[in-house]
Number of protein chains: 2
Amino acid sequence: MKLSRRARYALRMMLSIARYSGPDERVSLKEVAKKTKISRRYMEQLAIALKNSDLIVGITGKGGGYRLSRPAPEIKLADIVTAAIGPIEIVECLDHADSCLQAAGCECRELYQQINDRITDLLNEYTLADLANKKIKAALPKD
Amino acid sequence: MKLSRRARYALRMMLSIARYSGPDERVSLKEVAKKTKISRRYMEQLAIALKNSDLIVGITGKGGGYRLSRPAPEIKLADIVTAAIGPIEIVECLDHADSCLQAAGCECRELYQQINDRITDLLNEYTLADLANKKIKAALPKD
DNA sequence: AGTTTAATATAACAAAGTGATATATATGGA
DNA sequence: TCCATATATATCACTTTGTTATATTAAACT
């Protein structure tokens, strides 16, 4: 029930790219690695996944780097997480009913669906811009 | 981002125990294993965890078995999941701020907190009785 | 043209997590 | 005393995940 490091790295990377690049400006992974303190080798793989999902654009060659493919307010957090770790599926059987042994008789299915929906909805509500501007506020812990 | 099999098994086990036992009636793991088709050996471990969290009571000896420690409406689904896989923590750093490298400067923390809250709230809303009586209804898939 | 910087693409490896099985002991009823 | 059951560890195999390594490709700059 953990959000993998890969997903968390992806969010931090995107934040960094959003901050240090612009429409005509790119930032190299070397820079991003320095800012985020994430292993550069690891980021390289992650960058490819983010690129393949059209969230960032890679400019090859000397002076190259990455920039966002579209403005930060148009990038939903769900896009980032999905690009990094695939579709949000708290259990396999939600999408593929046939992969479920109990099949139709599963009594927990609706519960799983609800958990999944709540997470998905939340990540669709917020954008990269919201994250960058600290627009996300959790309820205060009750102590 | 998966709900582990262990957690799912725990829910199914509890459902089965709720159904086939009563205040003065117990059901053996042998029975439960037959009903749920979960490996008995595996269930034994799970049963201990559920017992240690006071969700079920174990009666040793011949003719023994398990029964719920309290009525199903008083057992929250969060209790079951927590007993099976520990506290719900989508990321480590929520409870232990010191385990987070970015410490106070983490920009994603509030997001993680919200995800965690939504899952926790949902699992606290519903009880084992709700699950048994199919009171949980997910929003219809939009197709 | 050639060198350099950086992205792109695989591959290989190590560590951790997870599911499952095995073995041994304790308990209490018949 | 015997047997069915819970209880408690230990072990093993498999998968996932994080990390590092090795080439290859692309473009800019000298």
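Per chain, numbering begins at 1; letters A, B, ... match sequence-line order. Predicted, not measured: the structure shown is a model, and the values here were computed from it. Computation of the quantities below employed the complete heavy-atom set of this structure, encompassing side-chain atoms and omitting hydrogens, waters and symmetry-equivalent molecules.
Along DNA chain D, the nucleotide nearest N52(B) and the nucleotide nearest L3(A) are compared for position; the residue whose nucleotide lies closer to the 5' end is N52(B). For S39(B) and R26(B), each mapped to the nucleotide of DNA chain C holding its nearest heavy atom, the one lying further toward the 5' end belongs to S39(B).
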Before you tell me yes or no, could you show the steps for M14(B) and L131(B) under side-chain contact (heavy atoms from CB on, under 4.5 Å), namely the whole-Å CA-CA distance, both residues' side-chain angles and the distance that decides it to 0.1 Å? CA-CA 10 Å; M14(B) 289 295 287; L131(B) 193 58; over 6 Å; no

Under the criterion side-chain contact (heavy atoms from CB on, under 4.5 Å), I'd like the reasoning laid out for Y20(B) against K35(B): C-alpha separation, chi angles, the key distance, then a yes or no. CA-CA 10 Å; Y20(B) 298 107; K35(B) 301 288 187 188; 3.7 Å; yes

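Through chains of ILVMFWY side-chain contacts below 4.5 Å, V57(B) is grouped with I59(B).
Taking atom NZ of residue K2(B) and atom P of nucleotide dG19(C), one finds them 13 Å apart after rounding to whole Å. When the P atom of dA6(C) is taken as reference, atom CD1 of I56(A) falls 16 Å away, rounded to whole Å. Nucleotide dT5(C) holds its C1' atom 13 Å from the CD atom of E31(A), rounded to whole Å. Taking atom CD of residue E92(A) and atom P of nucleotide dG19(C), one finds them 11 Å apart after rounding to whole Å. R12(B) has its CZ atom 14 Å from the C1' atom of dG19(C), to the nearest Å. Atom C1' of nucleotide dG17(C) and atom CE of M1(B) are separated by 17 Å, given to the nearest angstrom. Between K37(B) atom NZ and dG19(C) atom C1' the separation is 19 Å, expressed in whole Å. L46(B) places its CG atom 14 Å from the C1' atom of dT7(D), with the value rounded to the nearest Å.
Taking 4.0 angstrom as the limit, Y42(B) places a side-chain polar atom (N or O) nearer than this to OP1 or OP2 of dG19(C).
Between I56(A) and L68(A) the shortest side-chain heavy-atom distance falls below 4.5 Å. A 4.5 Å side-chain heavy-atom check between I136(A) and L77(A) finds at least one atom pair inside the cut-off.
Nearest approach of Q114(B) to K137(A), heavy atoms of both residues: NE2-O, 2.9 Å.
Residue pairs meeting the ring-ring contact (aromatic ring centres under 6.0 Å, His included) criterion with at least one partner in residues 37-91 of chain B, sequence neighbours excluded, are Y9(B)-Y42(B). Identified under the ring-ring contact (aromatic ring centres under 6.0 Å, His included) test for residues 119-139 of chain A, with sequence neighbours left out: none.
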Review item, nucleotides 2-6 of chain D N/O atoms under 3.5 Å of protein N/O:
| residue | atom | partner | partner atom | Å |
| --- | --- | --- | --- | --- |
| dA6(D) | OP1 | L29(B) | N | 3.1 |

Report each atom pair, protein N/O against N/O of nucleotides 9-16 of chain D, whose distance is under 3.5 angstrom.
none

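Residues forming a side-chain contact (heavy atoms from CB on, under 4.5 Å) with Y112(A) (at least two apart in sequence, or on another chain): I90(A), V91(A), L94(A), C108(A), L3(B), R8(B), L11(B).
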